[in-house]
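Comments concern the structure below.
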Number of protein chains: 2
Amino acid sequence: MMEPAPVFADGVDHERLTAQLRFILETDKLKRVLRRNLLVDGSRRENDAEHSWQLTLMARLFAEYAPDGTDIDRVTEMLVLHDIVEIDAGDTFLYDPQHAASQSQREHAAAERLYAILPDDQAKHAHELWSEFESRTTPEARFAKAIDRLAPMLANWHTDGGTWVQFGVTKKQVRDKVAIIAEGSAALGSYAAALIDDAERRGYLTGE
Amino acid sequence: MMEPAPVFADGVDHERLTAQLRFILETDKLKRVLRRNLLVDGSRRENDAEHSWQLTLMARLFAEYAPDGTDIDRVTEMLVLHDIVEIDAGDTFLYDPQHAASQSQREHAAAERLYAILPDDQAKHAHELWSEFESRTTPEARFAKAIDRLAPMLANWHTDGGTWVQFGVTKKQVRDKVAIIAEGSAALGSYAAALIDDAERRGYLTGE
Ligand SMILES: [Ca+2]
């Protein structure tokens, strides 16, 4: 693990700041975790850090489509942290059932290691936010997950089917993802359904 | 400009959602705006989108170093949007006075075009947040700017001087940036000062 500069700042708890800096240096690796989908211009694969940025932007712009009372600040806090486990666990392709089977175990181990780099109070908070996101037990988590599922659909539609075509994804597989979006946001679920209907018409999706 | 899919979602204001999607597609380009500094592992140059993600992470983790009462949610909202003008204006290297002279004009034109893609209320809000960030008139803007200035210092320190060495940056130039960090956060200003002292000792900075 990369160590922060060996310097002391006046009036700052050195041990605490060092733990925070260690986490920032370690999670810089998120910029090198590649996802399957392309940028919307098709120029290259997207990485997890820039993906996370875009989700926080979408969460703010689409706040009006969240259920009343959803705390959008908490949603964005979740989205900033949600993919950090992939530094250890790697990106798991949404439509790869074999890999997905071991995903949960790998991601839990990653969360244990990575969030523990932070000072205890922040480690606990970050780990709780991630668990909430994964379990979709709150409106915030369900809305965050909806945004996370919608973004690669946009990328796929704008790159002639993208990973849907590349990996022969079926209509049924994509409709399961649409259901998850609808759970977090009726409006975005409705949009995702319309987008998928259009993708079917264009032949981007196979089988049932 | 890339157009959203020509689909209609039930129960959603089509014109409004289309404007929001247009903005998301257009700002996807932020992932392709390259900054001068490298990732902390030195592997490649950083892009503006992943940089923006890291700043929102840092703002949350370092919230305790902001002046009492600073609204960190607003800080992160600012940081998500702050670099979008660089899609048109390009990244202006912090230590390039010639380019910096025309920067303000280019960025204002960029803000005019880009934020106006959004529905009017959101365009106004985004533009105001960006203006606040640039003018550093609030504790939130000063803290956001402090984080934005600190991040490339970390990258430079961890890549054997990075752009300081590459462009022969002077001690005085860097100390001006430290002053901006201290305006936003006494603790982070103190850390940046210690980091720069160490960078001087290592010979990463030249002249006065
Ligand atoms: Ca910046």
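Chain letters run A, B, ... following the sequence lines, proteins first, then strands; residues in each count from 1.
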Item to check | From R32(A), R44(A), R45(A), residue fulfilling salt bridge (Lys or Arg N to Asp or Glu O under 4.0 Å) relative to E50(A) | outcome: R44(A)

Next on the checklist: At a heavy-atom distance under 4.5 Å, which candidate from D198(A), D41(A), L79(A), L154(A) has the highest pair count against chain B?
Outcome noted: D41(A)

Checklist entry - How close do A146(A) and I180(A) get, heavy atom to heavy atom, and via which atoms? => result CB-O, 4.4 Å

Next on the checklist: Test your reading of the model: is there a side-chain donor-acceptor pair from R142(B) to the backbone of R136(B), 3.5 Å cut-off?
Outcome noted: yes

Checklist outcome for this item: Looking only at E46(A), H158(A), M2(A), most heavy-atom pairs under 4.5 Å shared with chain B are made by H158(A)

Checklist entry - Which is it for D176(B) and K171(B) under the salt bridge (charged side-chain N to carboxylate O under 4.0 Å, His left out) test, yes or no, and what are the steps along the way? => result CA-CA 9 Å; D176(B) 289 347; K171(B) 294 167 190 174; over 6 Å; no

Checklist entry - Within residues 183-191 of chain B, which positions have a heavy-atom distance to chain A below 4.5 Å? => result A187(B), S190(B), Y191(B)

Checklist entry - Do you know which of E3(A), M58(A), H51(A), Q54(A) has the most heavy-atom pairs with chain B at a distance under 4.5 angstrom? => result Q54(A)

Checklist outcome for this item: Minimal heavy-atom distance between W164(A) and A199(A), with the atoms involved, is CZ3-CB, 3.6 Å

Next on the checklist: side-chain contact (heavy atoms from CB on, under 4.5 Å), that's the test. Do E134(B) and W130(B) meet it? Break it down for me.
Outcome noted: CA-CA 6 Å; E134(B) 284 301 316; W130(B) 176 73; 3.5 Å; yes

Item to check | Among the listed options L61(B), V12(B), L21(B), the residue most often paired with chain A at heavy-atom distances under 4.5 Å | outcome: L61(B)

Item to check | Exercise: do T163(B) and N156(B) side chains pair donor with acceptor under 3.5 Å | outcome: yes

Checklist entry - What residue in V40(B), I24(B), L81(B), L57(B) has the most heavy-atom pairs under 4.5 Å with chain A? => result V40(B)

Checklist entry - Taking all atoms of both residues into account, what is the closest heavy-atom pair of E26(B) and I87(B), and its distance? => result O-CD1, 3.9 Å

Next on the checklist: Please determine whether side-chain contact (heavy atoms from CB on, under 4.5 Å) holds for the pair V7(B) and D197(A), giving the CA-CA distance in whole Å, both sets of side-chain angles, and the decisive distance to 0.1 Å.
Outcome noted: CA-CA 9 Å; V7(B) 302; D197(A) 284 348; over 6 Å; no

Next on the checklist: More than 12 heavy atoms of other residues, nucleotides or ligands under 6.0 Å from CG of D10(A): yes or no?
Outcome noted: no

Checklist entry - Between Q103(A) and V85(A), is any pair of side-chain heavy atoms under 4.5 Å apart? => result no

Checklist entry - Please walk me through it: do I196(B) and W157(B) pass side-chain contact (heavy atoms from CB on, under 4.5 Å)? => result CA-CA 9 Å; I196(B) 294 313; W157(B) 193 93; over 6 Å; no

Next on the checklist: Show, in sequence, the C-alpha distance, side-chain angles and deciding distance for L55(A) and H82(A), and conclude whether the side-chain contact (heavy atoms from CB on, under 4.5 Å) test is met.
Outcome noted: CA-CA 10 Å; L55(A) 298 189; H82(A) 83 292; 3.5 Å; yes

Checklist entry - For R74(A), is it the side chain, the backbone, both or neither that has a heavy atom under 4.5 Å from a heavy atom of chain B? => result neither

Next on the checklist: Please find the pair of heavy atoms, one from V33(B) and one from E86(B), that lie closest to each other, and give the distance.
Outcome noted: CG2-O, 3.8 Å

Next on the checklist: Need one label for N47(B): side chain, backbone, both or neither, based on atoms under 4.5 Å from any heavy atom in chain A.
Outcome noted: side chain

Next on the checklist: If I measure from the heavy atoms of chain A, does F8(B) come under 4.5 Å with its side chain, its backbone, both, or neither?
Outcome noted: backbone

Checklist entry - Heavy-atom distance under 4.5 Å to chain B: side chain of T27(A), backbone, both or neither? => result both

Next on the checklist: Which heavy atom of I72(B) sits nearest to which heavy atom of A59(B), and what is that distance?
Outcome noted: CG2-O, 3.9 Å

Checklist entry - If every non-hydrogen atom of D83(A) is compared with every non-hydrogen atom of L30(A), which pair is closest and at what distance? => result O-CD1, 3.3 Å

Item to check | Toward chain B, the part of V80(A) with a non-hydrogen atom under 4.5 Å | outcome: both

Item to check | For chain B, the option from L195(A), L25(A), T56(A) that forms the most heavy-atom pairs under 4.5 Å | outcome: L25(A)

Checklist outcome for this item: Looking only at A193(B), G11(B), S43(B), the option with the highest number of non-hydrogen pairs under 4.5 Å against chain A is S43(B)

Item to check | Proximity breakdown for E64(A) and chain B, heavy-atom pairs closer than 4.5 Å | outcome: side chain

Next on the checklist: At under 4.5 Å between heavy atoms, what parts of residues 110-129 of chain B are in contact with chain A? List them by residue number.
Outcome noted: L118(B), Q122(B)

